[in-house]
Amino acid sequence: MSTAVPEIFGSMVFNDDVMRARLPKDTYKSLKKTIQQGSPLELDVANVVANAMKDWAIEKGATHFTHWFQPLTGVTAEKHDSFISPNGAGVIMEFSGKELVKGEVDGSSFPSGGIRATFEARGYTAWDPTSYAFIKDGSLYIPTAFCSYTGESLDKKTPLLRSMEALNTQALRILRLFGNTSAKRVTTTVGPEQEYFLIDKKLWEQRKDLIFTGRTLFGSMPPKGQEMDDHYYGSIKPRIADFMADLDNELWKLGILSKTKHNEVAPAQHEMAPIFTTTNLSADQNQLTMQLMKQVALKHGLYCLLAEKPFAGVNGSGKHNNWSMSTDDGFNLLEPGETPRENAQFLLILTAVIQAVDKHQDLLRDSVASAGNDHRLGANEAPPAIISMFIGDELQAVLDSIENGSPYSQKTKEKMQIGVSVLPAIPKDTTDRNRTSPFAFTGNKFEFRSLGSSLSISGPNVVLNTIVAETLDEFATRLEKSSDLNADLQDLIKEKIIEHKKIIFNGNGYDDEWVKEAEKRGLLNLRTLPDAMERYLDPQNVEMFAKYGVYSESEMKSHHEVKLEKYSKVLNIEVNTMLDMIYKDILPASYAYMNDVAESASRVMAVVPNAKCSAQANVLKEISALADRLDSEAQKLAKLHKEANAIDDVPKQARFYVDKVIPQMEATRLVADSIEPILGEKYKPFPSYADLLFRV
Ligand code: ADP
Ligand code: MG
């Protein structure tokens with residue numbers, strides 16, 4: 001297969017090569033202008049593009065097209081229309097520019113958090129020509145933004161594009177300050193490393209919790225977990241290797257640069273990392289990747305779990321968002337560079353990111369909050385809920401030198417003088433030397449590691465782009481007035497380091513000591529989604545997003561509501577599922593076992609009058625006591641659940657779930673999990689952790 005990769009790569013994508021080959025020169029030029037500069041696409045041009053796309057798609061076997069969009073659910077949505085149009089007794093295949101550029105959607109069944117109530121239900125989708133159309137499952141997919149008729153975004157793509165625009169504007173000002181006149185555009189780039197679990201589909205089918213919630217709500221630890229460290233980078237089982245090969249093939253066809261695959265820390269856990277690309281494309285492609293993982297797994301009799309914490313006591317799955325900014329001529333703004341001038345620009349941008357992250361810890365935390373990710377953050381396998389930054393020893397020495405006038409180089413005793421000194425070599429992080437930091441500088445990019453595995457990367461990148469744009473704006477405004485750039489840079493950086501160094505932590509983020517230390521430093525520790533969302537609508541957040549044209553206040557109110565509502569809905573489903581499994585599966589299994597044990601004891605005693613049958617008696621005593629306790633905990637849970645569901649106010653309901661319902665879910669689970677190890681093997685109500693994690 002390997003020789004065919006260059007041929008299959010991107011074969012299902014209407015990419016630049018295809019456009020150039022299939023579009024008349026003028027049309028190609030106009031379209032390129034739209035893609036690169038965002039200029040509007042004329043209808044006659046759109047008609048020609050649409051026709052060429054249709055011909056190409058039909059040759060590849062497509063019969064339908066769909067506007068593919070990303071509503072606030074966090075997953076993608078699609079509705080397919082065939083190309084057919086009546087023609088006499090038969091049909092012809094048609095696709096117009098109008099259909100390509102704009103689609104109408106009944107928005108009423110998508111979450112809008114109030115925007116829908118105040119405005120019309122109708123929404124429309126608009127082609128995002130910066131993300132190529134592609135063919136999947138017989139349809140031509142057109143990546144689109146999804147808005148209300150009054151222009152509010154109802155999706156994740158629109159704000160992402162707006163935030164990229166904001167960053168572009170401000171970053172260009174910084175580049176101009178340093179004399180760069182050639183760059184026309186700065187785009188943000190992302191490479192998302194995607195973790196996932198693969199389990200046997202037949203076992204998945206037997207667990208309601210996995211089916212309805214994506215994660216296990218019960219399960220005690222198997223005799224072996226991940227303590228042997230033998231899975232990370234371990235040799236890949238043939239069945240998994242076949243899946244991975246198949247997945248790569250599908251990803252490559254769609255032009256997704258799937259690069260790395262390996263086994264992860266937990267048994268049955270794996271990772272795929274693509275080569276980075278422009279953020280909005282990366283967001284689209286990550287959505288496709290997650291869908292293809294699920295789809296391809298089914299073909300192999302496997303089920304792909306993307307939940308953040310599918311198994312208690314076993315590592316959960318995250319998504320590392322590697323982020324940087326680069327110019328249209330290929331210069332990475334987070335590359336430290338070699339000359340004093342490049343170094344100065346880099347240090348300014350680094351300082352900007354430090355200020356942005358410190359000032360907006362709350363927004364970064366919000367952006368990765370979900371019911372599922374709350375179980376993962378701070379569980380000693382993923383960064384804590386506290387946002388901090390890792391910059392490494394070399395850069396720390398440089399910042400210390402700027403702050404204190406101390407030498408940054410042990411050998412030459414040199415002090416950092418902006419515009420004169422040269423930075424020491426900054427190692428590229430190939431070994432993941434600090435995996436415990438939520439936000440780590442890794443040589444020429446930042447790695448935001450708090451994202452959960454199923455999250456759309458759009459939200460966190462909207463925040464990152466906007467908060468960095470805000471700081472770059474502040475810095476540019478100040479430095480544009482400077483008559484001695486190097487001296488003013490030195491002052492600015494020094495001032496900002498002093499102000500924001502509390503966000504930098506190069507130690508072990510999994511250590512309990514860090515939680516105390518972070519509190520002393522005044523860093524936020526927003527443990528759960530309801531905690532994080534309490535600050536979302538703070539005036540400074542609303543003002544910033546409005547200033548850079550990323551979110552309007554009504555959009556933010558809508559996100560606030562949608563996110564909290566989703567949180568409660570997830571928990572509602574989880575409680576329903578727990579109660580169902582307790583009363584229909586776990587307790588009946590205990591009764592069946594007790595029945596057989598009791599019967600065995602009485603039969604033995606009938607034959608052997610002196611037999612004590614204390615083994616049976618002990619088991620019966622223990623299980624019957626646990627069964628009673630489980631019933632009583634479950635009743636308490638049901639009562640709290642009812643109370644939660646009676647609350648109308650969205651934030652209050654989420655708060656009730658986190659404060660009252662979740663602790664009761666945990667107490668209930670604890671009892672159920674202590675029944676599991678004493679039940680006879682053939683009485684177990686559903687596959688155990690041992691089955692799920694080791695029988696793949
Ligand atoms: P590691 O994190 O193990 O050090 P790599 O450095 O190879 O691994 O990169 C991990 C991810 O970061 C990959 O998806 C890679 O494409 C991405 N990446 C590398 N450079 C950049 C960049 N400039 N912008 C965004 N992502 C990047
Ligand atoms: Mg990494």
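Atoms within each ligand, like the ligands themselves, are counted from 1 in listed order. These numbers come from the heavy atoms of this one structure, side chains and all, not from hydrogens, waters or symmetry mates.
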Check your understanding: Going by the atom numbers of ligand 1, which of them fall below 4.0 Å from some non-hydrogen atom of I275?
Key -> 16 (O)
Exercise for review: Apply salt bridge (charged side-chain N to carboxylate O under 4.0 Å, His left out) to E250 and K136, showing your working.
Suggested key: CA-CA 9 Å; E250 294 302 321; K136 191 172 148 289; over 6 Å; no
Check your understanding: Looking only at distance, does T189 have an N or O less than 3.5 Å from an N or O of ligand 1?
Key -> yes
Point to revise | Check: H231 ring centroid to H262 ring centroid under 6.0 Å | key: no
Check your understanding: How does K259 reach ligand 1, by side chain, by backbone, by both or by neither, if only non-hydrogen atoms under 4.0 Å count?
Key -> neither
Point to revise | Per-residue contact class, N322 against ligand 1 - non-hydrogen pairs under 4.0 Å | key: both
Check your understanding: Are any non-hydrogen side-chain atoms of N461 and M164 less than 4.5 angstrom apart?
Key -> no
Practice item. May I ask whether N332 has any heavy atom positioned less than 4.0 angstrom from an atom of ligand 1? Key: yes
Check your understanding: Do any N/O atoms on P274 end up under 3.5 angstrom from N/O atoms on ligand 1?
Key -> yes
Point to revise | Check: F276 N/O within less than 3.5 Å of ligand 1 N/O | key: yes
Review point. Any Lys/Arg nitrogen of K157 or D284 sitting under 4.0 Å from an Asp/Glu carboxylate oxygen of the other?
Key: yes
Check your understanding: R173 and D473: salt bridge (charged side-chain N to carboxylate O under 4.0 Å, His left out), yes or no, with the steps?
Key -> CA-CA 8 Å; R173 287 173 69 196; D473 181 7; 2.7 Å; yes
Check your understanding: Does ligand 1 have a heavy atom under 4.0 Å from the side chain of E447, from its backbone, from both, or from neither?
Key -> side chain
Exercise for review: Would you mind running through ligand 1 and noting each atom that sits below 4.0 Å from a heavy atom of K445?
Suggested key: 5 (P), 6 (O), 9 (O), 12 (O), 18 (N), 19 (C), 20 (N), 21 (C), 27 (C)
Revision key, fill the gap. E193 heavy atoms within 4.0 Å reach ligand 1 at atoms 2 (O), 10 (C)
Practice item. Would you indicate whether K33, at its atom NZ, is surrounded by more than 12 heavy atoms from other residues, nucleotides or ligands within a distance under 6.0 Å? Key: no
**Study point:** Check: Y551 ring centroid to H559 ring centroid under 6.0 Å
**Key:** yes
**Study point:** F441: which of W323, F390, F346 passes ring-ring contact (aromatic ring centres under 6.0 Å, His included)
**Key:** F346
Practice item. State the atoms of ligand 1, each with its element, that fall below the 4.0 Å cut-off from a heavy-atom position in G191. Key: 14 (O), 25 (C), 26 (N)
